[in-house]
Amino acid sequence: MIFLKKDVKGAPKMITLCEYKKRVGVTKTKYVADWIEKGLIPGVIKAADIESTLFPDSSRRPYKDRSKIKATSEASKIRTHIMKASLNREHITKEMCHLSQMEFNGFIHELVAADLVRLRIEEGITYYDATIKSEVYEGKTFGELRKFTLDALEAVAKGTAEGTIDALRNLAAAAR
């Protein structure tokens, strides 16, 4: 198992349980074991005992506030939870948001288009990172983050609508 820690060509770099716990700021192994059992840490190579389990070097802690996302949560709240996870450098998934893959991808697409989240694939795992634009709201309350997210998405929608109207006007003028 040691060879996986080295940069073997084509093999993802792996870290130990101790390294993972230190990186994500958790002290209790039972929490990590629970996250693994629930499938909240992608790319883990499970071993017979938790101490020998290996984690992708890029692994993040699962989103802490996932229990606050309900199947009945409003779309604006789901977008805000995705934003909060990216700001906190925590892993969030469609399952945590109670969404299908396509619906989750739609939310991600909107946030990427508004430059609020950046999509990154590392070691075959998709991560959602904060952007310079969204980092301004790091540490803000959920309500402040929600308002910012809605305002940013509205600005993108208005810009797209105005661009479409201008294109239609130009098309109509050219047809005359």
Side-chain angles (χ1 to χ4, degrees), residues 12-15 17-44 53 55-161:
K13 184 173 186 236
M14 303 301 278
I15 59 175
L17 171 67
C18 185
E19 291 168 313
Y20 174 77
K21 286 174 25 180
K22 184 176 180 182
R23 179 173 294 160
V24 301
V26 67
T27 56
K28 298 190 183 220
T29 300
K30 69 178 184 176
Y31 294 147
V32 178
D34 184 52
W35 297 340
I36 292 169
E37 182 66 31
K38 292 178 179 175
L40 299 177
I41 308 171
V44 169
T53 296
F55 301 78
D57 186 49
S58 62
S59 289
R60 290 183 171 179
R61 176 187 194 123
Y63 180 50
K64 288 180 198 168
D65 289 341
R66 63 189 174 275
S67 64
K68 294 182 180 176
I69 308 172
K70 307 295 179 205
T72 57
S73 289
E74 297 170 10
S76 64
K77 286 184 179 179
I78 293 170
R79 288 183 193 97
T80 307
H81 280 290
I82 295 169
M83 282 280 303
K84 188 174 177 186
S86 73
L87 286 168
N88 293 341
R89 298 189 68 246
E90 295 171 341
H91 191 71
I92 191 164
T93 65
K94 68 179 180 71
E95 292 83 7
M96 290 178 197
C97 296
H98 308 280
L99 301 172
S100 70
Q101 188 64 57
M102 293 300 290
E103 193 174 11
F104 185 73
N105 289 350
F107 285 120
I108 296 297
H109 176 76
E110 288 176 334
L111 294 168
V112 168
D115 195 31
L116 298 176
V117 170
R118 181 179 52 249
L119 188 135
R120 174 176 51 92
I121 299 173
E122 187 173 339
E123 298 167 336
I125 302 164
T126 303
Y127 296 102
Y128 309 104
D129 297 328
T131 63
I132 292 172
K133 184 176 179 179
S134 63
E135 284 176 351
V136 175
Y137 274 77
E138 204 166 340
K140 301 287 186 186
T141 67
F142 190 84
E144 291 169 322
L145 186 57
R146 185 176 180 191
K147 182 173 179 352
F148 168 70
T149 303
L150 290 172
D151 289 349
L153 290 170
E154 184 179 330
V156 169
K158 280 183 181 176
T160 302

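Values below: all heavy atoms of this structure, side chains included; hydrogens, waters and symmetry mates excluded. Positions are given from 1 along the sequence.
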Just distance, no hydrogens or angles: give the donor-acceptor pairs under 3.5 Å from side chains in residues 104-114, sequence neighbours left out.
unit_1 : atom_1 : unit_2 : atom_2 : d
Asn105 : OD1    : Gln101 : NE2    : 2.9
Asn105 : ND2    : Gln101 : O      : 3.4
Glu110 : OE1    : Arg79  : NE     : 2.6
Glu110 : OE1    : Arg79  : NH2    : 3.1

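Considering every non-hydrogen atom in both Leu150 and Ser76, the closest pair reads CD2-CB, 3.7 Å. The two residues Pro56 and Ile125 have their closest heavy-atom pair at CG-CD1, 3.7 Å. Listed here is the closest heavy atom pair of Tyr20 and Ser59: CE1-CB, 3.6 Å. In terms of heavy atoms, Glu135 sits closest to Ala130 at CG-CB, 3.9 Å. Taking every heavy atom of both residues into account, Pro62 and Leu40 meet most closely at CG-CB, 3.7 Å.
Ionic pairing of Asp115 and Lys133 is not present here: no N-O contact between side-chain nitrogen and carboxylate oxygen is shorter than 4.0 angstrom. Checked for salt-bridge contact, Arg60 and Asp129 meet the test: a charged N lies under 4.0 Å from a carboxylate O.
Using a 4.5 Å heavy-atom threshold, the side chains of Val136 and Phe148 count as separate. In this structure, Leu145 and Leu87 have side chains that are in contact, with non-hydrogen atoms separated by less than 4.5 Å. With contacts defined as side-chain heavy-atom distances shorter than 4.5 Å, the pair Ile121/Tyr127 does not qualify. Counting heavy atoms from C-beta outward, Thr53 and Leu17 have side chains that stay 4.5 Å or more apart.
Listed for the Glu123 side chain is a donor-acceptor partner under 3.5 Å among the backbone atoms of Ser58. Between the side chain of Glu90 and the backbone N or O of Lys64, at least one donor-acceptor pair lies under 3.5 Å.
In Lys147, the NZ atom is not crowded: 12 or fewer heavy atoms of neighbouring residues, nucleotides or ligands sit closer than 6.0 Å.
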side-chain contact (heavy atoms from CB on, under 4.5 Å) for Tyr137 and Met83? Distances and angles first, verdict last.
CA-CA 10 Å; Tyr137 274 77; Met83 282 280 303; 5.8 Å; no
Show, in sequence, the C-alpha distance, side-chain angles and deciding distance for Arg61 and Trp35, and conclude whether the side-chain contact (heavy atoms from CB on, under 4.5 Å) test is met.
CA-CA 9 Å; Arg61 176 187 194 123; Trp35 297 340; 3.8 Å; yes
If you apply the rule side-chain contact (heavy atoms from CB on, under 4.5 Å), what do you find for Ser73 with His98, and how did you get there?
CA-CA 9 Å; Ser73 289; His98 308 280; over 6 Å; no
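Here CD of Glu122 is found 11.0 Å from OG1 of Thr126. Values are rounded to the nearest 0.5 Å. Remark: Asp65 CG to Thr80 OG1 distance equals 12.0 Å, nearest 0.5 Å. Of the inter-residue distances, the one linking Asn88 atom CG with His91 atom NE2 reads 14.5 Å to the nearest 0.5 angstrom. Note that the CD atom of Glu138 and the CZ atom of Arg89 stand 10.0 Å from one another [nearest 0.5 Å]. In this structure, OH in Tyr31 is found 11.5 Å from NZ in Lys21, a value given to the nearest 0.5 Å. Rounding to the nearest 0.5 Å gives a distance of 13.5 Å between CZ of Arg118 and OH of Tyr128.
Relative ring orientation between His81 and Tyr63 is described as perpendicular, the plane-to-plane angle rising above 60° on a 0-90° scale split at 30° and 60°.
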